[in-house]
Amino acid sequence: MPPADRHLGARLLTHGSTLTFLRKVQHPSQHPVDRFAEDLARFEAVRGPFKRTRPYDTDSRIPVDGAGAGFSSKVSIGMSASYLLLVLIVLGLFGYYLGKSRAVAIPVTPESRLHSVPSYHGYFVALWAGVPAFLLLALWVMLEGWLIMALVLGAMPERLTNVGDQELSLLRATILNHANGIDTGQTLDPAIEAAAVHYTTLSSIGNWCILVLGSVGAMVGVRFALRQVSMSLRARNHVEQVINVVLILCSLVAIMTTVGIVLSLLFEAMLFLSHVHPYDFLFGLQWSPQIAIRADQVGSSGAFGAVPLFTGTLLISAVAMAVAVPIGLLSAIYMAEYAPPLVRSLAKPVLEILAGIPTVVYGFFAALTMAPFVRRVFGAEGLGFDVSSESALAAGVVMGIMIIPFVSSLSDDVINAVPQSLRDGSYGLGATKSETISQVLLPAALPGIVGAILLAVSRAIGETMIVTMAAGLSANLTANPFEAVTTVTVQIATLLVGDQEFDSPKTLSAFGLGLVLFVVTLLLNIIALWVVNKYREKYD
C-alpha cells in the first residue's frame with residue numbers, strides 16, 4: 001500500500017469500533033482504500049468543527065482527531081474518585097442521621113434497653129455506606145493500570161507485543177505517554193496510537209463504572225445497615241472492631257515499610273558484597289570507589305575500605321554531641337526548674353526555631369562563618385594548629401547547634417512530666433533544689449532524656465548537607481578535627497547522584513553503606529534500651 005494510503009489507514013484505526021462495523025457490514029466487497037476514504041469522509045463530516053491537528057490536545061488533555069471522547073486516564077480517575085468520595089461523604093452523613101434517628105425511635109423500657117447509644121447506630125450505618133465502596137475504589141486504583149494495560153496489549157499486533165521485557169516496558173511507557181497527551185516528539189506506529197486511544201477509552205469507562213458501582217454499593221449498604229438497627233444490635237462492638245482493624249492496618253503499614261527497607265538494603269548489599277569481600281569493605285583503610293568503565297581504560301580498580309567513612313561519621317557526630325548534649329540538657333533543666341514562666345514561654349519557642357531552619361542554611365553558615373572562625377582561632381594566626389579550609393570541627397559545631405532543640409525540648413518535656421510529689425518529698429526531706437534535680441528528677445526522667453539524646457545522635461549521623469559544605473568529600477582516616485573528612489551519608493548521596501548503573505560495585509557500595517548505617521542505628525537503640533532498663537527509677 002502506498003505511504004499515503006497507509007497514513008490514511010492509520011488515522012482510521014483511531015476512529016473506534018463504529019467505523020470498523022460499517023466497513024465490514026456496509027462495504028463487504030469494496031476496495032480497502034475506498035472504504036477507508038469513505039469512512040474518513042463520513043467521520044470528518046460528523047466531527048466538523050472539533051477537528052485538531054494533533055492526536056491529543058495536551059493543554060486540555062482531551063483526545064481529538066478521532067481519538068474518542070472523554071478525558072485522559074489521569075484526569076478521569078481523579079474526577080471519578082472525587083465524585084465517589086463526595087457521594088460516600090454525603091451518604092455517610094445521611095446514613096448516620098438515619099441510623100441515629102431510627103435508634104432513637106426504638107421504644108425503651110426498664111426491662112429492655114438499647115445495647116449501644118444511638119450515635120453508635122449512626123456510625124454503624126455510616127460505615128456500611130463508606131467501607132465497602134472505599135475498598136472497591138482502593139482495589140480499582142491498585143489494579144486499574146495493570147488490568148487495562150493487559151487488555152490493551154492483548155488487542156495489539158503480535159509484532160509489537162512479542163518482544164523482550166525491556167521493549168515491552170518501553171511500549172507500555174509509550175502508550176501511557178500518548179494516552180496522557182505527552183508529546184515525546186516521536187513518530188509513533190499507528191497501532192500504538194490506536195492502543196493509546198483504547199487505553200484512554202477503557203480507563204474512562206472503568207472509572208465511571210467504579211463510580212456507579214461504588215455509589216450503588218453505598219446505597220445498598222445504607223439500606224442493609226438500617227434494617228439491622230434494633231434494640232439488640234451491638235453497634236458499639238461492630239464500630240470498635242472496624243476501628244481496631246484500621247489501627248492494625250496502619251501499624252502494618254509502618255512495619256511493612258521497615259521490612260521493605262531492610263529487604264531492599266539486604267538484596268543490593270549482597271550484590272555489592274559478591275563483588276567486594278566483606279572484610280575489605282568493613283576493615284579496609286582506603287576509600288576510592290572509582291571503577292574503570294572500559295577494559296582497556298587506565299583507571300583504578302576501586303578501593304572500598306569504609307573505615308575512613310566510619311571514622312569521619314563518628315568524629316563529626318562526637319563533636320556535634322559534645323555541643324548539643326550539655327547545652328541542650330542544661331537549657332532544659334533551666335527552663336523546667338529555674339526559669340520564670342515568662343522567660344520559659346519566650347525562650348523555648350525561640351530555641352525550637354533552630355530545628356526549623358533548613359540544613360542548607362546551616363551549611364552556608366558553617367562554610368562562610370564557622371570555618372573561617374575556626375581557622376582564625378585555631379590556625380596559624382591563633383593557637384598555631386594546622387587547620388584545613390574544610391574541617392570536621394566546623395561541621396560538627398554547626399551540626400551540634402542544629403540538634404540542640406532535639407535534646408532541650410524533649411528533655412524539658414520529660415522533666416516537667418515527673419510527678420510533683422517527688423519534688424515535694426525531696427524538699428520535705430531537706431534536699432536543696434540542685435540535689436533534688438540531680439538525685440530525683442534526672443534519674444526519674446532518664447528514659448526520656450536517653451531517648452532525646454538517641455534522637456539527636458541519629459539526626460547527627462544522618463546529616464548530609466552540612467558535612468558536604470563544611471567538611472568536604474575527602475575520605476581521610478584521621479581523628480584530627482581540624483582536617484577535612486566525610487561521612488557515610490555524604491558518600492551515599494554522592495554515589496547515587498546522576499545516571500548510575502546498578503550493577504557496578506561503585507553504585508552498589510551505597511547500599512552496603514546504608515546497611516551498615518542501619519545496623520549501627522539498631523545497635524544504638526539496643527544500647528539505649530539497656531541503659532534505660534538498668535538505670536530506670538521505678539515508683540509505686
Donor-acceptor check, side chain of [X] to backbone of [Y], threshold 3.5 angstrom: yes or no?
X      : Y      : answer
Ser204 : Thr200 : no
Ser317 : Leu314 : no
Arg423 : Val418 : yes

Using every non-hydrogen atom in the two residues, find where [X] and [Y] come nearest and quote the distance to one decimal.
X      : Y      : value
Met156 : Ala195 : SD-CB, 3.6 Å
Gly514 : Leu265 : O-CD1, 4.0 Å
Met321 : Ile403 : SD-CD1, 3.7 Å
Gly400 : Ala324 : O-CB, 3.5 Å
Leu151 : His198 : O-CE1, 4.3 Å
Ile415 : Ala336 : CG2-CB, 3.7 Å

**Request:** Among Arg234, His121, Arg236, find the residue that satisfies the side-chain hydrogen bond (donor to acceptor under 3.5 Å, both in side chains) test when tested with His115.
**Result:** Arg234

Quick one, [X] and [Y] - any side-chain contact, counting heavy atoms below 4.5 Å?
X      : Y      : result
Phe283 : Pro278 : no
Asp412 : Ser408 : no
Ile175 : Leu153 : yes
Leu249 : Val245 : yes
Tyr123 : Ile243 : no
Leu495 : Thr507 : no
Val125 : Phe94  : no
Ile333 : Ile437 : yes

**Asked** Stepwise, does the side chain to side chain contact (heavy atoms under 4.5 Å, CB included) test hold for Thr311 with Thr478?
**Response** CA-CA 7 Å; Thr311 304; Thr478 179; over 6 Å; no

Can you give the donor-acceptor pairs under 3.5 Å from side chains of residues 358-367 to other protein atoms, not counting sequence neighbours?
{"from": "Tyr362", "atom 1": "OH", "to": "Leu354", "atom 2": "O", "distance (Å)": "2.5"}

**Complete:** With Val490 as partner, the option from Thr464, Leu309, Thr313 fulfilling side chain to side chain contact (heavy atoms under 4.5 Å, CB included) is Thr464

**With Ile453, the side chain to side chain contact (heavy atoms under 4.5 Å, CB included) member among Leu455, Val450, Ile449** = Ile449

**Side-chain donor-acceptor contact under 3.5 Å, Thr489 with Glu463** = no

From [atom1] ([X]) to [atom2] ([Y]), nearest 0.5 Å:
X      : Y      : atom1 : atom2 : value
Ile466 : Met402 : CD1   : CE    : 4.0 Å
Ser509 : Gln491 : OG    : CD    : 8.0 Å
Leu213 : Leu137 : CG    : CG    : 11.5 Å
His277 : Leu282 : NE2   : CG    : 10.0 Å
Tyr199 : Leu176 : OH    : CG    : 5.0 Å
Arg344 : Leu351 : CZ    : CG    : 11.5 Å

Is the count of non-hydrogen atoms from other residues, nucleotides or ligands lying under 6.0 Å from [X] atom [atom1] greater than 12?
X      : atom1 : result
Glu240 : CD    : yes
Met469 : CE    : yes
Gln166 : CD    : no
Lys348 : NZ    : yes

**Request:** Not counting sequence neighbours, list each pair that qualifies as a ring-ring contact (aromatic ring centres under 6.0 Å, His included) and has a residue in residues 211-261.
**Result:** Phe124-His238, Trp128-Phe224

**Pairing residues for Phe518 by the ring-ring contact (aromatic ring centres under 6.0 Å, His included) criterion, not counting sequence neighbours** = none

**Message:** For a side chain to side chain contact (heavy atoms under 4.5 Å, CB included) check, start with the C-alpha distance between Tyr120 and Asn237, then their side-chain angles and the critical distance, and finish with the verdict.
**Reply:** CA-CA 9 Å; Tyr120 276 106; Asn237 295 355; over 6 Å; no

**Message:** Set out, in order, the CA-CA distance, both residues' side-chain angles and the distance that settles side chain to side chain contact (heavy atoms under 4.5 Å, CB included) for Glu167 and Leu170, then state yes or no.
**Reply:** CA-CA 5 Å; Glu167 291 81 0; Leu170 180 60; 5.5 Å; no

**Request:** For the pair Phe281 and Phe310, name the ring-plane relationship: parallel under 30°, tilted 30 to 60°, perpendicular over 60°.
**Result:** perpendicular

